[in-house]
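Note sheet for the following structure.
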2 protein chains.
Amino acid sequence: MGLVKSEKFTDQQNEIALFAKVFGHPARVSILQYLFNINSCVCGDIVNQIGLSQPTVSQHLKELKHLGLIKGSVEGTSVCYCIHKENWAAMKEVMIAFLDQDIPQTDCC
Amino acid sequence: MGLVKSEKFTDQQNEIALFAKVFGHPARVSILQYLFNINSCVCGDIVNQIGLSQPTVSQHLKELKHLGLIKGSVEGTSVCYCIHKENWAAMKEVMIAFLDQDIPQTDCC
DNA sequence: TTATATTATTGCAATGTTACGATTAATAGG
DNA sequence: CCTATTAATCGTAACATTGCAATAATATAA
């Protein structure tokens, strides 16, 4: 098979999994941390920061953009990427609600 | 290729990615939510809850266990799984620190 | 227009993931 | 011992992901 049976799960569960999946690669984690730490919205030097090739970085950026977590705007010959604040906040709420569940008091294992 | 170049990233980035990866499948999200919501640490009826086959569920449980997020104890012929509280709390801290980064004030895009 | 710079896309090889049937442990109860 | 129950493992087919060389697209400058 190799394909996820999404129809077996709730929309919420699939949404959490989609967000988590995009964070499931250190390059994308690294790109996001870079965008957070840089004060101005710096562009294609992400490629220099990350030690991967330009096509590979471009592909990771595409996935982040597709999920709406970053946005890019053309600035001359280069493109400027930055965090999409509203979408990031919405994602954060969903993910933290999942992570922050109350652990049952009754100990069993 | 098809293999992640982990050596290009920090331990922290790789750790975040590993945690996120295990949440990157709705079956594992569903299993965890189930374990959170069930008061007693119920066992193999996870297979009935999740609509996937027993081997598939067992494989997902293995991954969760491997990361230390759940623990299982044998109870007769069945096995009882539940959240590993300490490890979950540690993971939560790492993930929330990542999600909760301050967005730069200077708007650029 | 031509050259240069930057980013996106294409194509593909190597590897990883998902799912399940079949089988194999492991344990409990006769 | 034998049988039933439950869960783990094996094997494997289908599909997804990762990474990069080569190339195409886009925009600026001369």
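Residue numbering restarts at 1 for every chain, and letters A, B, ... go by the order of the sequence lines. Predicted, not measured: the structure shown is a model, and the values here were computed from it.
- For the pair A:Ala27 and B:Pro55, both in contact range of DNA chain D, the more 5′-proximal nearest nucleotide belongs to B:Pro55.
- Two rings, from A:Trp88 and A:Phe36, have their centers less than 6.0 Å apart.
- Taking every side-chain heavy atom of A:Arg28 into account, D:dT18 is the closest of D:dG19, D:dT18, C:dC20.
- The phosphate of C:dA19 (OP1 or OP2) has a side-chain N or O of B:His25 nearer than 4.0 angstrom.
- When distances are taken from the side chain of B:Thr56 to each of D:dA8, C:dT18, C:dC20, the shortest belongs to C:dC20.
- For B:Phe98 and A:Phe23, the distance between ring centers is under 6.0 angstrom.
- The residue from B:Ile70, B:Val79, B:Val47, B:Thr56 that alone fulfils the side-chain contact (heavy atoms from CB on, under 4.5 Å) condition with B:Leu61 is B:Ile70.
- Relative to the side chain of A:Ser78, the nucleotides C:dT9, D:dC20, C:dT6 differ in distance, and C:dT6 lies closest.
- Counting only heavy atoms from C-beta on, B:Thr77 has its side chain closest to D:dT6 among D:dT6, C:dA19, D:dA27.
- A sub-4.0 Å separation between OP1 or OP2 of C:dC20 and a side-chain N or O of A:Lys5 is present.
- Of the listed nucleotides (C:dT15, D:dC20, C:dA19), C:dT15 has the atom at the smallest distance from the side chain of B:Leu3.
- Side-chain proximity of B:Lys21 to D:dG19, C:dG16, C:dA8: nearest is C:dG16.
- A donor and an acceptor atom, one from each side chain of A:Gln101 and B:Gln33, are nowhere located under 3.5 Å apart.
- Checking C:dA8, D:dT28, C:dG16 against the side-chain heavy atoms of A:Ser58 singles out C:dA8 as nearest.
- On a pure distance criterion of 3.5 Å, a polar donor-acceptor pair joins the side chain of B:Gln54 and the base of D:dA8.
- Nearer to the 5' terminus of DNA chain D, by closest-nucleotide assignment, is the contact made by B:Lys8 (compared with the other of A:Val74 and B:Lys8).
- Considering only the side chain of A:Val79, C:dA8 comes nearest among C:dA8, D:dA27, D:dG19.
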